[in-house]
There are 4 protein chains.
Amino acid sequence: MTHVGEIALRQRRLVAKTPTLPQAATPPGTRGAILQAGLTLFAEQGFHGSSIRQLAAAVGITTATLYAHYPSKDDVLTELIRIGHEEIWQRLSAAVADVADPTARLRALVGAHVHLHIDHALLAVVVNNELHALHPDQAESALTLRNKCFQLLADTISDGVANRDFDIVDPELAAIAIASMNMRVANWYDPRLSYTPDQLATRYAEYALDIVRARRPI
Amino acid sequence: MTHVGEIALRQRRLVAKTPTLPQAATPPGTRGAILQAGLTLFAEQGFHGSSIRQLAAAVGITTATLYAHYPSKDDVLTELIRIGHEEIWQRLSAAVADVADPTARLRALVGAHVHLHIDHALLAVVVNNELHALHPDQAESALTLRNKCFQLLADTISDGVANRDFDIVDPELAAIAIASMNMRVANWYDPRLSYTPDQLATRYAEYALDIVRARRPI
Amino acid sequence: MTHVGEIALRQRRLVAKTPTLPQAATPPGTRGAILQAGLTLFAEQGFHGSSIRQLAAAVGITTATLYAHYPSKDDVLTELIRIGHEEIWQRLSAAVADVADPTARLRALVGAHVHLHIDHALLAVVVNNELHALHPDQAESALTLRNKCFQLLADTISDGVANRDFDIVDPELAAIAIASMNMRVANWYDPRLSYTPDQLATRYAEYALDIVRARRPI
Amino acid sequence: MTHVGEIALRQRRLVAKTPTLPQAATPPGTRGAILQAGLTLFAEQGFHGSSIRQLAAAVGITTATLYAHYPSKDDVLTELIRIGHEEIWQRLSAAVADVADPTARLRALVGAHVHLHIDHALLAVVVNNELHALHPDQAESALTLRNKCFQLLADTISDGVANRDFDIVDPELAAIAIASMNMRVANWYDPRLSYTPDQLATRYAEYALDIVRARRPI
DNA sequence: AATGAATGAGCTTTCATTCAT
DNA sequence: CATGAATGAAAGCTCATTCAT
């Protein structure tokens, strides 16, 4: 039976292969095809490791045609990163929209976070590994969303601490640890594994709760 | 006061700047200088985002001179990744060399893992982000070590489960979650933060124990 | 007060900005607009320094639309150069149509030549600087007109010499010197200067007469 | 017999073909060869009409090798224009270094100016036609020299007017007219013509004196 | 009359690498 | 040990032009 240990330790950046862009955010026609191809290439090889000739070939067009749709290679990445951040922000904020209880909120956030990293593994890898390739002003709005996502998580934990539901010294540190766990799911999750996305999301939510709920000294 | 939330969410790949190679593994003279410069560049910009001109300029030599020391750009990365993996394997195996008790072993492993990602943040970032840029045969020995490291962690958790010290359904999943937490420390840790490396290592070890020790249904 | 010295020495090819095409020769509608925009661009940046994208953008149409009006970029230049040469030939021949006396003819020719280089400065700059960019057969008829213009001037001087009104060894050399003076007016004339076009034309005519009338040894 | 009228009216930008750079200013080896080739191409076809592939082919090297010697195509032009302006400034200032009398100075200036446009016809054509292709800061020092050259001429005429040797209303206008005559020599002079450079220079000097010496009303 | 989409060919520039010295 | 000069290949991008609509 396929198990995590075999899969998590490959040379490839990620196991997933299908470039699933959020459908609503995918432009129609050639523009969309470029985005999908860029997603695949940038996820696998990185932005600087992918050439626009590869990109054009993957789409089945000329490099000149690329430039009829995007003004530069940078802009393809910028667009992907924008879409990625908007998707995550939308999912996380939707997940807790009607949830007040910190424990339930944390469960919802971690669940949504994990699902996102499975549903859009390539996009998550691009977002997490290629942000540095953008010019600062291209990255700005993405960083803003990233911050809001992190605050959602950190505030939830803080609320739980205030509540006495949670007991943890540094909520932000716990938030970062939990987010770190979730983020790497994009790199290793493989549908051939013995748990479904739901099961994985549930377990990770329990891990998160284990961390924040602990009663311990220090 | 500087806190994690401010720091974890930058565009840069990592906060650390000093290219600290394990001293024993650093060659003397120009060879070592090339390695240090490669470490800095590859950590910041990625392998494909760094040119050998930049590398030579950072060292203060000609690109032609580079080739008197390393046969190719690839080989500089290969060497860095080799050093990185040997360092981590050495540290992890040393950490548990004399420790039998699963709880103590897990504490030691997480502690060593966190310390490594702080002490050699750039190296860790290169190792974790640039492995895909190598030719498969150049990556092979690194992957072997990486596997052994993971098994050390997974086996420790399995032992604890066998022991009834830990209670967790899927030890490998817990191992991967814990390793994920630790790995990202390289990206965000900043000495200006309010905890020392020791304190952070201790907290992360507790997080790990929270995860594996939990008694819960599901 | 603005004076020539300040103005004549700029980096730009010419001071004038308004693309005044001879009205009779300007086609109506989009065709005319393309010609005007081409005039401005080719005068400022040269034919090879201007792209059809710039041209289309200046007109406010698509590059594809350009091709509904002109079969190629070359043809826009060819048309401008044709118009320019026809304008100059028409003006020069009209200027001397009813004038017999060599002195009066020379005054008329220089006056018309100077006025042309002021009235249609951009066109003159294109005509004088971009002819080489045409294919030889596209340039042929323009060269014929140019020759006729030059012969008008050279013959006028020759007539004056035959007449003993002028006294100059090489009428063609004088013609070339005089034409050279006039041609560069297109590059530097600026309405802010302290002389009107008429005054400038008059002075240049006197310069020309000074040159050809001189009684001197050698 | 070849005469001016036949020659002055060609499609080509200039008749001269040999790329004579001022020897002292020509770098040795490949750098110099690139400069010579650039001179020929830019004079004939303009900066934007010449590709670096043509340039490299003319030198007999790869385009990549070009960039070992000049950082960009722009810089080749900048260097040519710098050399051209320094040569002209040096020649003009040397020509009048020991000459006090305005008439003699004007003769010397025009003579030097004409000789320059014959000796370095290609360079003069590049300098006079391609300045606009530079970025403003690249053109700045050339413009300064150009200004100094013009002032030398204008001041000489002004001195002659103050002296009562010359009698002209606007010395700067006369200066511009005279300079215009001289500049175009680069375009049409051909050694096959019936006058030597010396003879041409002498005649043009007389033309200049005719213009400024005239006693006339207006 | 005008356009959106496409293209082959070309652009300037940079890449990693080699080699005689 | 180091370099200056060179290179083939490829990079990102723009060129003038076409064509179905």
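Numbered from 1 within each chain, the chains take letters A, B, ... in sequence-line order. Please read all numbers here as calculations on a predicted model, not as lab measurements.
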Notebook entry, point to check: Atom OH of D/Tyr70 and atom P of F/dA6: how far apart are they, to the nearest Å?
Noted result: 12 Å

Next item on the list: Would you give a per-nucleotide map of nucleotides 13-21 of chain F, 5' to 3', where B means the base has a protein non-hydrogen atom under 4.0 Å away, S means only the sugar-phosphate does, and - means neither?
Entry: BBBBBBB--

Next item on the list: Indicate yes or no for a side-chain donor-acceptor contact from C/Ser72 to the backbone of C/Asp74 under 3.5 Å, with no hydrogens or angles considered.
Entry: yes

Check: Base, sugar-phosphate, or nothing for A/Leu66, non-hydrogen atoms under 4.0 angstrom?
Finding: nothing

Check: Between A/Thr30 and A/Ile34, does a side-chain contact (heavy atoms from CB on, under 4.5 Å) hold up when you go through it step by step?
Finding: CA-CA 6 Å; A/Thr30 306; A/Ile34 293 171; 4.0 Å; yes

Item checked: Atom-to-atom span, CD1 of A/Ile34 to P of E/dT7 - whole angstrom -> 11 Å

Check: What is the distance, rounded to the nearest whole Å, between atom CD1 of B/Ile61 and atom C1' of F/dC1?
Finding: 10 Å

Next item on the list: Rounded to the nearest angstrom, tell me the gap between atom CG in A/Asp75 and atom P in F/dG12.
Entry: 14 Å

Check: Does C/Thr63 reach the side chain of C/Ser51, with side-chain heavy atoms less than 4.5 Å apart?
Finding: no

Check: F/dA10 C1' sits how many Å from A/Gln45 CD, rounded?
Finding: 15 Å

Notebook entry, point to check: Are any non-hydrogen side-chain atoms of C/Arg146 and C/Leu131 less than 4.5 angstrom apart?
Noted result: yes

Checklist line | A/His69 side chain near E/dG4 phosphate (N/O to OP1/OP2, under 4.0 Å) | finding: no

Checklist line | Secondary structure of DNA chain E in dot-bracket form (Watson-Crick or G-U wobble, distances below 3.5 Å, | marking inter-strand pairs) | finding: .||||||||||||||||||||

Check: Picking from D/Arg13, D/Arg12, D/Lys17, what satisfies salt bridge (charged side-chain N to carboxylate O under 4.0 Å, His left out) with D/Glu44?
Finding: D/Arg12

Notebook entry, point to check: Less than 4.5 Å apart, any side-chain heavy atom of A/Leu80 and any of A/Leu21?
Noted result: yes

Next item on the list: Would you please confirm or rule out a distance under 4.0 Å between OP1 or OP2 of F/dA6 and any side-chain N or O of D/Thr30?
Entry: yes

Next item on the list: Answer yes or no: is there a side-chain heavy-atom contact under 4.5 Å between B/Leu122 and B/Thr20?
Entry: no

Notebook entry, point to check: A/Ile83 pairs by side-chain contact (heavy atoms from CB on, under 4.5 Å) with which of A/His85, A/Glu86, A/Glu79?
Noted result: A/Glu79

Item checked: Intermediate values then yes/no, side chain to side chain donor-acceptor pair (under 3.5 Å), B/Thr78 and B/Asp75 -> CA-CA 5 Å; B/Thr78 305; B/Asp75 287 277; 5.0 Å; no

